[in-house]
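Remember, it's 1-based here, ligands and their atoms both numbered in the order they're listed.
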Amino acid sequence: MTAKYIFVTGGVTSSLGKGIISASLAKLLQARGFNVTIQKFDPYINIDPGTLNPYEHGECYVTDDGAETDLDLGHYERFLNKPTSQSNNITTGKIYQTVINKERQGDYLGKTVQVIPHITDEIKRRISLLGESGYQMVITELGGTVGDIESLPYLEALRQFRMDIGPENVVTIHLTLVPYLAAAKELKTKPSQHSVKELLEAGIQPDILVCRTERPLTDDIRAKLALFCNLKRENVIEAIDADTIYDVPLLMLKEKLDLRVLEKLNFPIKAEPDLKHWKKFLGQLKNPSASVTIGLIGKYNELPDAYKSIHEAFVHAGAYNECKVKVIPIHSEDLENETDVFKALKDLDGILVAPGFGERGIEGKIKAIHYARLHKVPFFGICLGMQCAVVEFFRNVVGVNEAASTEVNPKSPHPVIDMMENQKKIKNKGGTMRLGAYACKLMDKSLARKCYKSELIYERHRHRYEFNNHYLEQSQNAGLIATGINPDQNLVEIVELKDHPWFLGVQFHPELKSTVESPHPLFIGFIKACMTGKK
Ligand code: GLN
């Protein structure tokens, strides 16, 4: 059976939530029994967002197969509970790289290589790749806004693709903004009309218009949008602002977005979607019987998107524990002295030290860990957070004052965190970290083992530095135990402190694998510990 394709474009402004709309539609289709996946095209020239500053682009999401991708893929996984891969995020950089490599190999010998057909062919190939791997439906989200210069080759490819496989196999959804003008006391349709015109200029007539709005769309507004945008009235869908992103699938169900898509694709409509689990999760999320306050110690706190998956993992594990998790972002650079640290951390039920890169803010993270260790506050260190916990322990418990990570002090006489030998030879920055899923064996009776309830786990990595095994014995003798080890390379993946209610550092990124359906066991355990120790 050939796959069906759903394209999602956006107009008027960026940040309208195309990723959430795409993930919500996918959720509804999945709940109706379809095997569906989502793919994101990013029209920038970077090969992937791995080299982008979190301030530019938010968190970099890592897949099992080691791709550094857009954070929308995180939403896809959290909603669908299915892993994504390299093929789910394509950038203009990747498209051009493939075409230019082919040109050098002589694949186009004798021909002038051009945007049309060579770049557009490559875009189309990347779309069908997922369709050929067994999915019934592929949702392709086009990043950016219609009208951007960078989007043009993609729109052209979408136009051609529709003709290539037949219009009956394709649905185009356009997401726009219907702003409310307070002075006129009116919702305005003109920006959406213009944005649909822009799509029409590229030869694409959208089948469905999804309208982001702060106020309900009246029948008049729906009729007007349908008339001017050349649509059936029922294909104008309201996407009103929601309390949480997890409400959006139900809002889309109410607006019948999934039905409109299935109608266009000539699928018979069977029973209602099975959203039992989703609704149970929402019920628990909205009716907590406890609450905890957790400090998120990081350095990109101005932009919550920089720690997107951590925030969402707290939402999932919080709902699981029927506990409201209030996350307070704390800038590690603000933790300069004891008074700052005490003031910022004294009321917290738990402390999470975030991942990160470079020297800035490191000392504040170490001070926060020192506080958590001494005051027996539940502590969770992720990647850089775990590395800082090791440094803190060596400095203040083992008594090695100059202990450091070589990322911060390359000349440290005690590099307790150091680069692996094979990393030292690497010159290129892009895609060269330890990336993707690796095995980790858990020690019997450890905190980690109790949380995971299994011996062998797989977690995703994104880092260059590691626990230096030269210091392992000293660490264990003094009470910081390696409870998770990578069996293939003998690398320390988890450290735990003896004599502490909950103190755990992980070299990997557990937050990337937390989903609505499978909240992450370590986040569940951490929140439980915070609830138990609550002041
Ligand atoms: N900067 C550290 C490393 O590369 C930690 C990375 C991270 O927190 N993801 O090892």
Could you pull out the N/O contacts under 3.5 angstrom between ligand 1 and the surrounding protein atoms?
unit_1   : atom_1 : unit_2 : atom_2 : d
ligand 1 : 1 (N)  : G356   : O      : 3.0
ligand 1 : 1 (N)  : E407   : OE1    : 2.8
ligand 1 : 1 (N)  : E407   : OE2    : 2.9
ligand 1 : 4 (O)  : R464   : N      : 2.9
ligand 1 : 8 (O)  : G356   : N      : 2.9
ligand 1 : 8 (O)  : G356   : O      : 3.3
ligand 1 : 8 (O)  : L384   : N      : 3.0
ligand 1 : 9 (N)  : R462   : O      : 2.9
ligand 1 : 9 (N)  : H509   : NE2    : 3.1
ligand 1 : 10 (O) : Q387   : NE2    : 3.1
ligand 1 : 10 (O) : R464   : N      : 3.2
ligand 1 : 10 (O) : Y465   : N      : 2.9

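- With S309 as the fixed residue, the side-chain hydrogen bond (donor to acceptor under 3.5 Å, both in side chains) test singles out one of E511, R78, H509, H520: R78.
- Using a 4.5 Å heavy-atom threshold, the side chains of L442 and I457 count as touching.
- Qualifying ring-ring contact (aromatic ring centres under 6.0 Å, His included) partners for Y465, counting only residues two or more places apart in sequence or in other chains: none.
- Ring orientation note: the planes of W502 and F380 are nearly perpendicular, at an angle over 60° on the 30°/60° scale.
- In this pair, F281 and Y246 present their aromatic rings perpendicular. The plane angle is above 60°, beyond the 30 to 60° band.
- Between Y300 and F357, the shortest heavy-atom distance links the atoms OH-N, 3.9 Å.
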